[in-house]
Peer 1: 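Have a look at the structure that comes next, please.
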Number of protein chains: 2
Amino acid sequence: MKRKVTLKQIAKELDVSISTVSKALRNSVEISEDTRDKVQAFAKLYNYRPNNIALSLKNRKTKTIGVIIPEIVHHFFAKVIRGIELVANKRGYNVIVGLSNESFDKEVINMQMLANGSIDGFILSIAKETLQQQDYHHFNETISQGMPIVMFDRVVNDIVCDKVIIDDMKGSKNAVDKLLKNGCKHVALITTKDYVSVGRLRTQGYIEALEEHKMSLDSKLILKVDDELLSEDHLDSLEAEIEDLFKKNKKIDGVFAVNELYAIIAMKVARKRGLKIPDDVQFIGFTDGVLSKHATPSLTTVSQHGQEMGEKAADLLIDKLEHEEEEERFQTVVIETNLIERESTK
Amino acid sequence: MKRKVTLKQIAKELDVSISTVSKALRNSVEISEDTRDKVQAFAKLYNYRPNNIALSLKNRKTKTIGVIIPEIVHHFFAKVIRGIELVANKRGYNVIVGLSNESFDKEVINMQMLANGSIDGFILSIAKETLQQQDYHHFNETISQGMPIVMFDRVVNDIVCDKVIIDDMKGSKNAVDKLLKNGCKHVALITTKDYVSVGRLRTQGYIEALEEHKMSLDSKLILKVDDELLSEDHLDSLEAEIEDLFKKNKKIDGVFAVNELYAIIAMKVARKRGLKIPDDVQFIGFTDGVLSKHATPSLTTVSQHGQEMGEKAADLLIDKLEHEEEEERFQTVVIETNLIERESTK
DNA sequence: TTTTAACACGAAAACGTTTTCGCTAGGTAA
DNA sequence: TTACCTAGCGAAAACGTTTTCGTGTTAAAA
């Protein structure tokens with residue numbers, strides 16, 4: 001077992017100073033060709049690589065990005081990470097991942113663990129619990145210590161930082177618009193409780209689409225699911241609630257759900273009730289994932305472009321890290337959504 | 001913007017030495033109560049936290065685990081990461097993620113990027129390309145430099161390190177056994193090319209199950225898919241191949257697929273051909289993911305317990321990191337699979 | 001011969017910690 | 001008085017780099 005070789009060891013071995021070794025390896029003109037070749041040959045032989053930690057300490061930069069997301073077993077967040085990793089790697093950065101698991105405390109702890117020099121900046125999406133409690137002091141503290149943050153998808157306006165979002169309202173408005181144009185007269189909405197901003201915005205889009213088509217809002221057609229616990233029980237009760245929705249509103253001929261799973265389950269319920277898709281009832285879900293693509297019938301969705309969001313967020317953060325001198329200007333980048341039409345709509 | 005405060009600054013401010021500050025904060029008996037209180041109060045006020053990088057350099061430990069996986073937008077790998085992160089966090093470690101994207105070069109580069117002091121050890125699953133080329137020098141080099149590696153799922157015997165795997169052969173044997181016991185007489189196998197070890201082992205399990213039931217192996221019932229490119233085209237051609245399989249083997253009454261997607265697509269093809277599931281034909285897939293659970297009919301699967309694998313791998317690695325003095329002993333932990341019965345089997 | 005300039009290299013500081021060792025002042029024992 | 005002990009603190013090394021500045025040698029110029 002040969003431990004990693006250091007400058008000091010090379011210096012000792014070749015009977016020169018550490019400085020000389022360092023300079024020789026970086027092809028400094030100060031060093032004679034002889035010495036340079038000798039050092040480089042030795043370094044290559046022993047497979048010398050500069051110690052990253054020492055460099056980080058010296059440069060006060062770690063070339064590492066901290067990413068904190070609520071959940072990783074989730075198609076959208078996984079795609080975002082892929083985007084972040086792609087760009088980070090290309091630009092010479094590493095990615096360190098923390099999971100908040102939707103918990104405020106874990107979010108805070110994770111940030112503290114990383115903010116002590118381990119990383120240069122954060123990319124994150126806020127935990128549900130944090131959104132509910134509306135306690136954002138950990139973000140503000142981090143920012144005030146000079147560590148840049150880029151937020152994506154679940155953001156709050158109160159915090160001044162770069163943001164990457166999609167136009168949730170526009171996306172869902174387009175989706176509902178599509179249903180209405182396809183002839184639906186009674187479009188149901190399956191959404192979440194309002195504290196998650198994206199849920200609220202998507203609901204808003206639904207309402208606006210109806211207004212634009214001069215259709216009245218029927219609150220009986222709106223199902224607000226409490227997604228506190230996404231356990232097995234929750235799925236069962238969700239199915240029951242949707243069942244109930246259909247039973248009480250026999251005229252439903254279109255369904256818009258704020259996520260893919262709700263839409264898939266709604267389709268299942270509809271089929272069980274003998275409804276033909278898309279002839280009797282059409283479906284659109286927000287968030288394009290594996291389920292939508294491989295369900296039968298496949299589900300028309302509003303694509304969120306997770307990977308693109310991740311790429312953009314990483315670019316924003318690294319740009320900021322590498323141009324610290326410039327004056328502070330924060331942007332909010334909006335990624336366009338688009339409707340991926342599949343078999344669940346006409 | 002208040003930058004992070006250091007020991008030096010506190011020392012200067014309170015007119016004591018750096019050593020005194022350090023000791024006071026660690027409650028050393030060398031320091032008088034007076035000084036200790038003074039320093040601690042000041043540190044609290046300015047929210048002092050030791051710089052992680054400096055600690056890493058000093059201790060030659062980063063308290064960080066490097067994880068390299070082929071793909072993150074993948075239910076199984078995401079679950080593994082969740083397991084790793086869970087244990088790592090609990091034990092005071094961070095997780096840094098690298099994606100090989102199934103490429104040999106990216107795998108090598110990612111490892112080099114991290115092996116230079118950034119992390120204490122690796123948890124990884126080998127890229128397909130690496131398995132194909134059978135070039136494992138980067139693993140061996142890393143190990144010989146004294147950096148422990150734990151491999152999971154896709155492993156190779158040649159490399160001496162801790163491993164966490166499932167019994168692929170037993171898992172698939174059980175699955176096929178289930179189909180045979182359920183009365184299937186012509187069980188088809190949809191698998192991948194042989195270079196990915198798990199594919200080969202799962203095929204082996206299929207064969208053994210048949211043998212145990214004294215059934216002859218019909219090679220026409222085995223479809224070996226080339227999954228080099230998992231693009232759109234690939235999915236289409238996959239569907240065509242399966243279509244062909246059914247057309248040429250009208251007697252097929254059971255299908256075992258080495259992953260969930262193949263099984264889902266096979267179900268789709270079967271249904272298109274007018275076959276009833278599970279009455280006419282039954283299906284089982286390896287790897288339990290979202291698709292299996294929410295498909296209609298839902299798919300019976302062999303569960304891989306990704307999260308448990310991740311947890312075990314992290315525990316193995318951290319144990320090794322924290323007991324370096326002990327003699328080297330490498331274990332291979334086998335996680336039990338189990339059959340999750342759903343609607344696609346009787 | 002003396003001055004100058006280029007060349008080649010080394011010493012040391014800095015990044016932020018922890019820890020070992022030594023020092024001083026005051027008190028106690030002989 | 002002398003010797004010794006102890007409490008309380010500081011200096012310095014170490015982790016592995018990079019970089020600035022200084023220095024000695026040699027050859028060319030005056």
Side-chain angles (χ1 to χ4, degrees), chain A residues 3-40 42-43 46-64 114-120 145-147 324, chain B residues 3-40 42-43 46-64 114-120 145-147 324:
Chain A
R3 280 235 163 270
K4 296 239 65 172
V5 63
T6 68
L7 288 187
K8 194 192 273 191
Q9 292 167 32
I10 299 181
K12 194 173 176 185
E13 211 67 38
L14 297 182
D15 205 35
V16 291
S17 76
I18 297 180
S19 344
T20 304
V21 178
S22 175
K23 288 172 192 166
L25 290 175
R26 324 194 98 243
N27 288 317
S28 160
V29 288
E30 281 186 62
I31 305 299
S32 72
E33 207 170 326
D34 266 17
T35 320
R36 180 145 42 91
D37 292 351
K38 196 174 59 177
V39 171
Q40 294 194 353
F42 192 93
Y46 281 86
N47 194 31
Y48 169 79
R49 309 258 174 226
N51 182 306
N52 252 326
I53 296 293
L55 286 180
S56 296
L57 183 60
K58 176 128 193 45
N59 303 330
R60 279 126 123 221
K61 301 202 170 173
T62 61
K63 288 260 178 184
T64 302
L114 297 180
N116 302 317
S118 302
I119 59 160
D120 295 339
Q145 278 173 4
M147 179 163 297
E324 274 181 306
Chain B
R3 279 235 164 269
K4 295 239 64 170
V5 62
T6 68
L7 288 186
K8 193 194 272 193
Q9 292 166 31
I10 299 182
K12 194 173 177 186
E13 211 67 36
L14 296 183
D15 205 34
V16 291
S17 77
I18 297 182
S19 345
T20 304
V21 177
S22 175
K23 288 172 191 165
L25 290 175
R26 324 193 97 241
N27 289 317
S28 160
V29 288
E30 280 186 62
I31 305 299
S32 71
E33 207 170 327
D34 266 18
T35 322
R36 180 148 38 94
D37 292 349
K38 196 175 59 178
V39 170
Q40 294 194 353
F42 193 92
Y46 281 86
N47 194 31
Y48 169 79
R49 309 256 174 228
N51 181 306
N52 251 325
I53 295 293
L55 286 179
S56 295
L57 184 59
K58 176 125 192 49
N59 303 331
R60 279 125 125 227
K61 301 200 170 172
T62 60
K63 288 260 178 182
T64 302
L114 297 181
N116 302 317
S118 302
I119 59 160
D120 296 339
Q145 279 173 3
M147 178 163 299
E324 275 181 305

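Per chain, numbering begins at 1; letters A, B, ... match sequence-line order.
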Peer 1: Starting at atom OH of A/Tyr46, determine the distance to atom C1' of D/dG16, rounded to an integer number of angstrom.
Peer 2: 19 Å
Peer 1: The side chain of B/Arg26 is closest to which nucleotide in this list: C/dA11, C/dT18, D/dT17?
Peer 2: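 Among C/dA11, C/dT18, D/dT17, the one nearest the side chain of B/Arg26 is C/dT18.
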Peer 1: Heavy atoms from C-beta onward define the side chain here; which of D/dT17, C/dT17, C/dC21 lies closest to that of B/Glu30?
Peer 2: C/dC21
Peer 1: Do B/Leu25 and B/Leu7 come within less than 4.5 Å of each other through their side chains, counting heavy atoms only?
Peer 2: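 B/Leu25 vs B/Leu7: side chains touch.
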Peer 1: If you check the A/Ser19 side chain, which of C/dA8, C/dA12, D/dC9 turns out closest?
Peer 2: C/dA12
Peer 1: Measure from the side-chain heavy atoms of A/Ala54 and tell me the nearest of D/dG16, C/dT18, D/dT18.
Peer 2: D/dG16
Peer 1: For A/Val5 and B/Asp15, take the nucleotide of DNA chain D holding the closest heavy atom to each; which residue's nucleotide lies nearer the 5' end?
Peer 2: B/Asp15
Peer 1: Under 4.0 Å from OP1 or OP2 of C/dC9: is there any side-chain N or O of A/Ser32 that close?
Peer 2: yes
Peer 1: Nearest to the side chain of A/Ile31, which nucleotide is it out of D/dC9, C/dC9, C/dT17?
Peer 2: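 Among the listed nucleotides, the one closest to the side chain of A/Ile31 is C/dC9.
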Peer 1: Counting side-chain heavy atoms from CB outward, which of D/dT17, C/dT18, C/dG10 is closest to B/Ile18?
Peer 2: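 The answer is C/dT18.
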Peer 1: Quick check for you: to the nearest 0.5 Å, what is the distance between B/Leu55 atom CG and B/Lys63 atom NZ?
Peer 2: 11.0 Å
Peer 1: Could you work out which one of D/dC15, C/dT17, D/dG10 sits closest to the side chain of B/Leu57?
Peer 2: D/dC15
Peer 1: Tell me: CD1 of B/Ile53 to C1' of D/dT17, nearest whole Å?
Peer 2: 13 Å
Peer 1: Choose from D/dT19, D/dC15, C/dA8 the nucleotide whose nearest atom is closest to any side-chain atom of A/Lys8.
Peer 2: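 Selected nucleotide (nearest to the side chain): D/dC15.
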Peer 1: Just so I know, are the side chains of B/Glu13 and B/Val5 near enough to count as touching, which here means a heavy-atom distance under 4.5 Å?
Peer 2: no
Peer 1: Can you tell me how far P of D/dG16 sits from CG of B/Asn51, to the nearest Å?
Peer 2: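 Those two atoms, CG and P, are 17 Å apart.
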Peer 1: Enter the distance from B/Asn47:CG to B/Lys4:NZ here, rounded to the nearest 0.5 Å.
Peer 2: 6.0 Å
Peer 1: A/Lys58 NZ to C/dA13 P: how many Å, rounded?
Peer 2: 13 Å
Peer 1: Less than 3.5 Å between a donor and an acceptor, one on the side chain of B/Lys23 and one on the base of D/dG8, is that the case here?
Peer 2: no
Peer 1: Quick check for you: among C/dC9, C/dC21, C/dT18, whose closest atom lies nearest to any side-chain atom of A/Thr35?
Peer 2: C/dC9
Peer 1: Side chains of B/Asn51 and B/Thr6: does their closest heavy-atom pair fall under 4.5 Å?
Peer 2: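 No - every pair of side-chain heavy atoms lies 4.5 Å or more apart.
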Peer 1: Would you say a side-chain N or O of B/Arg36 is under 4.0 Å from OP1 or OP2 of D/dG8?
Peer 2: no
Peer 1: Hey, does the side chain of B/Arg60 come within less than 4.0 Å of D/dA14's phosphate (OP1/OP2), counting only N and O?
Peer 2: no
Peer 1: Tell me the interatomic distance from B/Asn52, atom CG, to C/dT18, atom P, rounded to whole angstroms.
Peer 2: 11 Å
Peer 1: Rounding to an integer number of Å, can you tell me how far B/Asn59 CG sits from C/dG16 C1'?
Peer 2: 12 Å
Peer 1: Any base atoms under 4.0 Å from B/Leu7, or only sugar-phosphate, or nothing? Heavy atoms, all strands.
Peer 2: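 Base contact - B/Leu7 has a heavy atom under 4.0 Å of at least one base atom.
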Peer 1: In whole Å, what is the span from the NZ atom of B/Lys61 to the C1' atom of C/dG16?
Peer 2: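 So the two atoms are 19 Å apart, to the nearest Å.
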Peer 1: Contact class for A/Ser22 vs. all strands (heavy atom < 4.0 Å): base, sugar-phosphate, or nothing?
Peer 2: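 Contact class for A/Ser22: base.
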Peer 1: How long is the span from the OG1 atom in A/Thr35 to the CD atom in A/Gln40, to the nearest 0.5 Å?
Peer 2: 11.0 Å
Peer 1: Expressed in angstrom and rounded to an integer, what is the separation of B/Gln9 atom CD from C/dA14 atom P?
Peer 2: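 Rounding to the nearest Å, CD of B/Gln9 and P of C/dA14 are 14 Å apart.
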